[in-house]
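Below is one structure; the comments refer to it alone.
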Amino acid sequence: MEMVGEARLEAAREVVWEALNDPAVLQASIPGCESLECTAENEFTATVVSKVGPIKARFAGKVSLSNIAPPRSYTLTGEGSGGAAGFARADIEVSLDALEPSVTLLRYGVKANVGGKLAQLGSRMIDAAARKSADDFFELFRKQVDGRTSNSTSAPAAQPAAMHAFMQELSASQADVATLEAPVSAPAVTAAPAAPTAKASTPEPVSTVNASERAAVSRDIPAQPTQEATPVSEGTAAEAQSAVMDVLTSEKIKVWISDQVAVVTLNRPGSRNAMTYGMWLAMPSIMAALDRNPEVRSVILTGAGADFCAGADIAEFENVRADVAQATRYEVAVDACCDAIANISKPTVAVLRGYCLGGGAHLAMSCDFRYAGQDAMMGIPAARLSIIYGVKGTRKLLSLVGLSEAKKILYGGQRFDAAHALQIGFVDQVAGLGSIVSERSLWERLMGARQQVAKSDPMAEARAFATSLAGNAPLSMAGAKYLLNGMAMGTGALDLHKSEALIAAAAASDDYREGRAAFGEKRSPKFQGR
Ligand code: COA
């Protein structure tokens with residue numbers, strides 16, 4: 001018999017891996033395990049009492065670990081004899097995906113065989129018993145891991161070293177942070193696609209945009225149609241700078257880079273990740289740093305906890321969006337933030353769980369793709385707050401869902417669920433929707449076997465998708481993104497000369513040579529982004 005499943009564990013991948021290799025944890029997790037003793041490296045003897053239908057037996061045998069690839073995967077093989085009851089053997093492939101710094105997806109695939117009296121019980125009864133054992137194992141294992149996470153003093157910090165360094169570097173430089181006001185006074189600088197340049201491929205430390213770079217960027221890249229620049233008074237600039245510093249130091253936005261994927265997390269779960277003015281201001285700098293980081297091939301934008309983002313932080317409107325001047329300045333910051341997400345040269349995926357409302361919807365629409373959980377709830381309640389949704393947000397909505405649906409969303413201000421969002425084209429994928437979940441047989445229900453869980457974690461699907469893009473040519477994807485975004489935003493946003501220049505640069509690139517060579521040599525290409 002064969003079966004697959006997965007379990008979402010609230011612990012860092014390293015913690016789960018350690019637990020998977022700890023004989024005490026394994027013994028406590030294997031249902032009916034009386035003993036598990038290490039006899040050699042990655043080999044154990046075990047005694048397990050197991051009941052399959054009417055047959056209860058004590059199995060004595062060995063457990064071994066093979067194909068070990070820390071901290072990602074191994075194969076656990078258990079085989080034993082239950083005397084007169086017969087024998088059993090199971091090969092269990094276990095793999096760990098780090099979804100977030102402290103969330104791991106454990107996937108398993110089991111192949112099991114039985115012989116002797118057990119084999120006469122029939123496959124249904126054996127399947128049900130095996131499924132129940134697997135469910136019980138992962139439930140017990142989850143408890144062990146939870147215990148470790150709460151007890152362990154040496155558990156990895158919630159913020160891994162790479163992310164810590166990234167955030168420190170962002171927040172360390174006062175000079176760089178000062179440039180973060182740029183979107184407020186000069187939105188065109190961040191409004192254009194971060195077009196692929198030789199620079200993007202040159203390994204260099206992560207840092208924010210400096211003044212000369214900004215000048216170069218603004219020379220190189222055509223301004224997109226955008227609101228008039230709003231002059232910023234010195235007092236406002238200082239306030240903006242301090243708001244950005246607050247976001248970086250208090251980690252209202254977190255960044256985590258692993259396996260070439262950067263996960264940017266809006267981190268105000270108590271307020272459903274509502275965006276403060278400082279968060280809108282801080283995002284362009286974070287995106288610029290990720291754009292230049294050669295370790296990053298794609299970016300996922302998500303929210304901490306149950307929600308993606310409930311829009312702008314309405315609670316602070318009294319202070320930061322009280323009159324026309326403030327509202328204009330605020331909207332420029334929102335557009336600069338969303339432009340920075342839309343125009344980073346790397347593929348972006350928004351992972352939507354729970355609420356995705358108002359400005360949160362604009363953030364999601366600024367990503368290349370949207371992967372939703374079945375619990376996601378979208379909406380743009382501007383008409384309920386007497387706000388006109390911004391030009392760019394409206395344009396993105398129109399290009400995603402079409403005129404009629406856009407009108408329904410904006411006039412009505414109603415929320416819509418993930419299934420509807422998929423139907424109208426607002427999201428690209430709903431995790432687990434339509435996947436086949438096998439019904440439990442009567443016998444399985446009597447045996448207490450749980451319903452097999454559908455693959456339903458949008459982050460797992462988004463990560464798999466983002467990782468699949470990592471092997472493709474960065475210049476090609478960045479060029480396609482520039483052209484498509486420009487076309488989707490209206491012809492005025494697209495500089496045809498720039499487009500031709502990008503196409504010519506890709507044709508002259510090392511990656512283009514590499515792609516042709518790999519094709520001829522029947523191997524996977526190794527792209528460098530230059
Ligand atoms: N700005 C500021 N705070 C927000 C917020 C927002 N956009 N959305 C939610 N919150 C806060 C709530 O004030 C509450 O804080 P509190 O616990 O200190 O009272 C907390 O998040 C939880 O939200 P709550 O309203 O209690 O949860 P709910 O399940 O009843 O409703 C929403 C959730 C998202 C439907 C509701 O909060 C809402 O309508 N938010 C505003 C959405 C909106 O209009 N966005 C567009 C802004 S332009």
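Values reported hereafter were calculated over all heavy atoms of this structure, with side chains retained and with hydrogens, waters and symmetry mates removed. Counting starts at 1 for both ligands and their atoms, in listed order.
Using a 3.5 Å distance cut-off with no hydrogens or angles, the side chains of D291 and S345 do pair a donor with an acceptor. For the residue pair R463 and S258, a side-chain donor N or O sits within less than 3.5 Å of a side-chain acceptor on the partner.
Of all protein heavy atoms, the one closest to atom 39 (O) of ligand 1 is R415 NH2, 4.2 Å. Nearest protein heavy-atom neighbour of atom 4 (C) of ligand 1: S271 O, 3.9 Å. Ranking protein heavy atoms by distance to atom 45 (N) of ligand 1, first place goes to A310 O, 2.9 Å. Scanning all protein heavy atoms for the shortest distance to atom 44 (O) of ligand 1 gives P381 CG, 3.4 Å. The protein heavy-atom contact nearest to atom 31 (O) of ligand 1 is R272 NE, 4.1 Å. In this structure, the protein non-hydrogen atom closest to atom 38 (C) of ligand 1 is L357 CD1, 4.8 Å. Regarding atom 2 (C) of ligand 1, its nearest protein heavy-atom neighbour is D313 OD1, 3.3 Å.
Close to ligand 1: A312, with a non-hydrogen atom less than 4.0 angstrom away. Distances from ligand 1 to the non-hydrogen atoms of G270 include at least one value under 4.0 Å. Heavy atoms of M377 come nearer than 4.0 angstrom to ligand 1 in no pair at all.
Contacts between R321 and ligand 1 below 4.0 angstrom, taking non-hydrogen atoms only, are absent altogether. Contacts between I314 and ligand 1, counted as non-hydrogen atom pairs separated by less than 4.0 Å, involve both the backbone and the side chain. Contacts of L385 with ligand 1, taken as heavy-atom pairs under 4.0 Å, involve the side chain alone.
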Do K392 and D335 pass the salt bridge (charged side-chain N to carboxylate O under 4.0 Å, His left out) test, and can you show the C-alpha distance, the side-chain angles, and the key distance before you say yes or no? CA-CA 7 Å; K392 294 187 176 182; D335 275 351; 5.2 Å; no
For residues 295-312, please give each side-chain donor-acceptor pair under 3.5 Å, one per line with the distance, not counting sequence neighbours.
| unit_1 | atom_1 | unit_2 | atom_2 | d |
| --- | --- | --- | --- | --- |
| R297 | NH1 | A470 | O | 2.7 |
| R297 | NH2 | F527 | O | 2.7 |
| S298 | OG | A466 | O | 3.4 |
| T302 | OG1 | V351 | O | 3.3 |
| D307 | OD1 | Y355 | N | 2.8 |
| D307 | OD2 | R272 | NH1 | 2.8 |

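Within a 6.0 Å sphere centred on CD1 of I388, heavy atoms belonging to other residues, nucleotides or ligands number 12 at most.
At a threshold of 4.0 Å, the pair E316-R268 does not count as salt-bridged, since none of the basic side-chain nitrogens sits closer than that to a carboxylate oxygen. Using a 4.0 Å cut-off between charged nitrogen and carboxylate oxygen, D259 and R72 count as a salt-bridge pair.
Residues F416 and F426 bring their aromatic ring centres within 6.0 Å.
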